[in-house]
Amino acid sequence: MIDAFAKEPVSNGRIAAALEEIADLLEIEDENAFRVRAYRHGARVVRGSARGFADMVALGEDLADLPGIGTSLAEKIEELVRTGRLAYLDQVEGRTAPGLRELLGLPGLGPRKVKALRDGLGITTLEQLESAVMRSRVRGVPGFGAKTEARILASLEHLHRRPVPHVLWPAAEPLVLALTRHMERIPGVTRVAAAGDYRRLRETVDRIELLVAAGRDARATERLLEYEGTDRVVSRSAKRVKVVLRNGLSVDLHMVPARSFGAALFAHTGSDDHVATVRRFASKQGLALDERGVFRGDARIAGRTERELYESVGLGYIEPELREDRGEVEAARAGALPELLTVADIRGDLHVHTSVTNGRDSPRAMVDAAAEHGYEYVAITEHTASARVSHGLDAERMARHLDRIELLNDRQDRIRILKSAEVDILKDGSLDLPRRILDRLDFTVSAIHSYFDLSAAPQTERILRAMDDPHLSILAHPTGRLIDRRDPYAVDFERILAAAAERHCALEINAQPERCDLSDVLARAARDAGVALVVATDAHRKEQLDFMRLGVGQARRAWLTAHDVLNTRSWKDLERFFAQRRR
DNA sequence: GCCGTTTTCGGCCCGACTGTTTTCAGTCG
């Protein structure tokens, strides 16, 4: 049935991009804002779905049953999936110029101003805008003045210099910590907190949001400008200052009174959708919720802490990682929020490399570092031979390596060293070690490192075949994506999940910052499909063992509890789980 | 365009900030 449609199924990403483009173009046309929002929301639903919309269409499911998708969006998505085209998008594109969407991306330019530029000066591209700004023609358009013109020029120059819209979470962390320390040293400052994507542990961060509570004369916004990493000021007022750091990341600093700190933290932590949903929930009860607090009429009934805010509207406290409008508000109302995994629950790291293959530190050093983390066990998982670039071990070298690991284990009793390997899954789905070696291992971490561009059918078969081998215990970095660098390989993920659940194969949440693989969305789908998960760092040097915090963060974003994650268990229990695979 | 224990029409979050069109529209978060 699925084959009745186009050979290359239309991806969720492509559907979402089409809906977003319609939203952008309609916005420029000054279409009803709620209609625009409906397209944007639809795009988010598609992008956030673990299931392929193309599959759902192929199975004859009614897309309009999904929240945020109505009959109109459902029809358009089906058309796109079936034909690869979307007539409505072509139509809207046909009446607008292609460069206009880029103009919308400039700070200070919204749909109305973009429209005014087009109607007034015929500007439809960044180049035309730049030329008009240079000749001071923009200030002649109604609604524009010399200041706006100067700001546009600054934005354009900035655009030429830096196409870096975001950083991976761990790159934001030292900046957040340094900024926090800088602000905390200012006399009169009583509290500093980071909010935004950073606080929600999103895999990437495109802006640092910092809240500061201070006495009236602390002049905290001015002091931010003294921070050595500050490159330039974008905007500034008594309550808010926005700067760009030397590395290109922007920082928004909000001055907040202590009595509103919780409400402001809530509002700036986001996500926007979560905040909107909680606000709607409050308003149904006759309560008004904004950055200052929760109000019944003129009376403030909450605002000092987030917990107080949630409770005042009849919800349990919702952890930041859950605030994505993915059902957490309903769960909080029903008292059904999960008790999320914590770093303290983790008893060991199951994916660690050493200098024996492509790691930096010796096995001894990695084991010591793992012991210092308080772990009960650590698995040394070297690459196998076919992973040539990683100096992978062939059968003979792996045998000698395992001898040495056994020796190392005997010589210390701080931590149990597990014998494992990151076994390459070859093109035909077989594992890259002979059975006699695989039998010596406590378990394996198996992964794809080659032929990323197979189409979905053979790639899926390859992985299923690998899972048929009882030696495959954990499928590592299951989608192969590298954030901003490489898309996930094409695969029928639902079949992978079904097979993993049936065969007791665990799936990894790989905590390398540019992997975060599985993603939050897919990890949640895996859990829902009954698949056991592992959070592991894939550390190649001892400091990288700290990536566990990021991996646990992604697991929390996936609603996982300690129960869902295998490496919260003792080795004895873990061994029992892996033994289910090998009769 | 979506949605409904105020259900098929009429809402949909809203206040702060900015620049400019001097009394408020547009943008942002």
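Labels below follow one simple rule: chain letters A, B, ... track the order of the sequence lines, proteins then strands, and each chain is numbered from 1.
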Between protein and nucleotides 24-29 of chain B, what N or O pairs are separated by less than 3.5 Å?
{"unit_1": "B:dG26", "atom_1": "OP1", "unit_2": "A:Arg112", "atom_2": "NH2", "d": "3.1"}
{"unit_1": "B:dG26", "atom_1": "OP2", "unit_2": "A:Arg112", "atom_2": "NH1", "d": "3.2"}
{"unit_1": "B:dT27", "atom_1": "OP1", "unit_2": "A:Gly110", "atom_2": "N", "d": "2.8"}
{"unit_1": "B:dT27", "atom_1": "OP1", "unit_2": "A:Gly110", "atom_2": "O", "d": "3.0"}
{"unit_1": "B:dT27", "atom_1": "OP1", "unit_2": "A:Lys113", "atom_2": "N", "d": "2.8"}
{"unit_1": "B:dT27", "atom_1": "OP2", "unit_2": "A:Arg112", "atom_2": "N", "d": "3.2"}
{"unit_1": "B:dC28", "atom_1": "OP1", "unit_2": "A:Gly108", "atom_2": "N", "d": "2.6"}
{"unit_1": "B:dG29", "atom_1": "OP1", "unit_2": "A:Lys242", "atom_2": "NZ", "d": "2.7"}

Check your understanding: Expressed as a whole number of Å, how far does the P atom of B:dG15 sit from that of B:dG10?
Key -> 24 Å
Revision key, fill the gap. Residues passing the side-chain contact (heavy atoms from CB on, under 4.5 Å) test with A:Glu203, sequence neighbours excluded, are A:Arg481, A:Ile483, A:Cys516, A:Gln554
Check your understanding: How far does the P atom of B:dC28 sit from the matching atom of B:dT23, given to the nearest Å?
Key -> 25 Å
Check your understanding: Can you say whether the rings of A:Tyr310 and A:Tyr317 are parallel (under 30°), tilted (30 to 60°) or perpendicular (over 60°)?
Key -> perpendicular
Exercise for review: Sticking with atom P, work out how far B:dC3 lies from B:dT8, rounded to a whole angstrom.
Suggested key: 16 Å
Check your understanding: In whole Å, what separates the C1' atom of B:dG26 from that of B:dT20?
Key -> 11 Å
Review point. In whole Å, what is the span from the OH atom of A:Tyr39 to the C1' atom of B:dG1?
Key: 7 Å
Point to revise | By side-chain contact (heavy atoms from CB on, under 4.5 Å) - contacts of A:Thr148 (at least two apart) | key: A:Phe144, A:Ile152
Review point. If you look at every strand shown and take non-hydrogen atoms under 4.0 Å, does A:Phe144 touch a base, only sugar-phosphate, or nothing?
Key: base
**Study point:** N/O donor-acceptor pair under 3.5 Å between A:Ser271 side chain and A:Arg323 backbone
**Key:** yes
Point to revise | Atom pair distance, as rounded to whole Å: NZ in A:Lys147 and C1' in B:dT18 | key: 8 Å
Review point. Along nucleotides 2-8 of chain B, 5' to 3', which nucleotides get a B, which get an S, and which get a -, given that the test is a protein heavy-atom distance under 4.0 Å?
Key: SS-----
Check your understanding: Atom CD1 of A:Ile152 to atom C1' of B:dT18: distance rounded to whole Å?
Key -> 14 Å
Would you list the atom pairs, donor with acceptor, under 3.5 Å between side chains in residues 250-257 of chain A and any protein atom, with sequence neighbours excluded?
{"unit_1": "A:His254", "atom_1": "NE2", "unit_2": "A:Glu209", "atom_2": "OE1", "d": "2.8"}

Review point. Would you call A:Arg524-A:Asp520 a salt bridge at under 4.0 Å N-O?
Key: no
Check your understanding: Taking the six-membered ring for Trp, are A:Tyr227 and A:His182 parallel (under 30°), tilted (30 to 60°) or perpendicular (over 60°)?
Key -> perpendicular
**Study point:** Value in whole Å for how far the P atom of B:dG1 lies from CD of A:Glu31
**Key:** 8 Å
Point to revise | C1' gap between B:dC12 and B:dT7, integer Å | key: 15 Å
Check your understanding: Is A:Ala116 touching bases, backbone alone, or none of the nucleic acid, heavy atoms closer than 4.0 Å?
Key -> nothing
Point to revise | Atom pair distance, as rounded to whole Å: CG in A:Leu25 and C1' in B:dG1 | key: 16 Å
Revision key, fill the gap. The salt bridge (charged side-chain N to carboxylate O under 4.0 Å, His left out) partners of A:Asp62 (sequence neighbours excluded) come to none
Review point. Is there a Watson-Crick or G-U wobble partner for B:dT8 with both distances under 3.5 Å, and if so, which one is it?
Key: none
Exercise for review: Whole angstrom is fine here: how far is it from CG in A:Asn32 over to P in B:dG1?
Suggested key: 10 Å
Exercise for review: I would like to know whether A:Ser260 and A:Glu291 meet side chain to side chain contact (heavy atoms under 4.5 Å, CB included); could you show each step before the answer?
Suggested key: CA-CA 7 Å; A:Ser260 298; A:Glu291 289 183 38; over 6 Å; no
Exercise for review: Send over the distance from A:Arg37 CZ to B:dC14 C1', rounded to a whole Å.
Suggested key: 10 Å
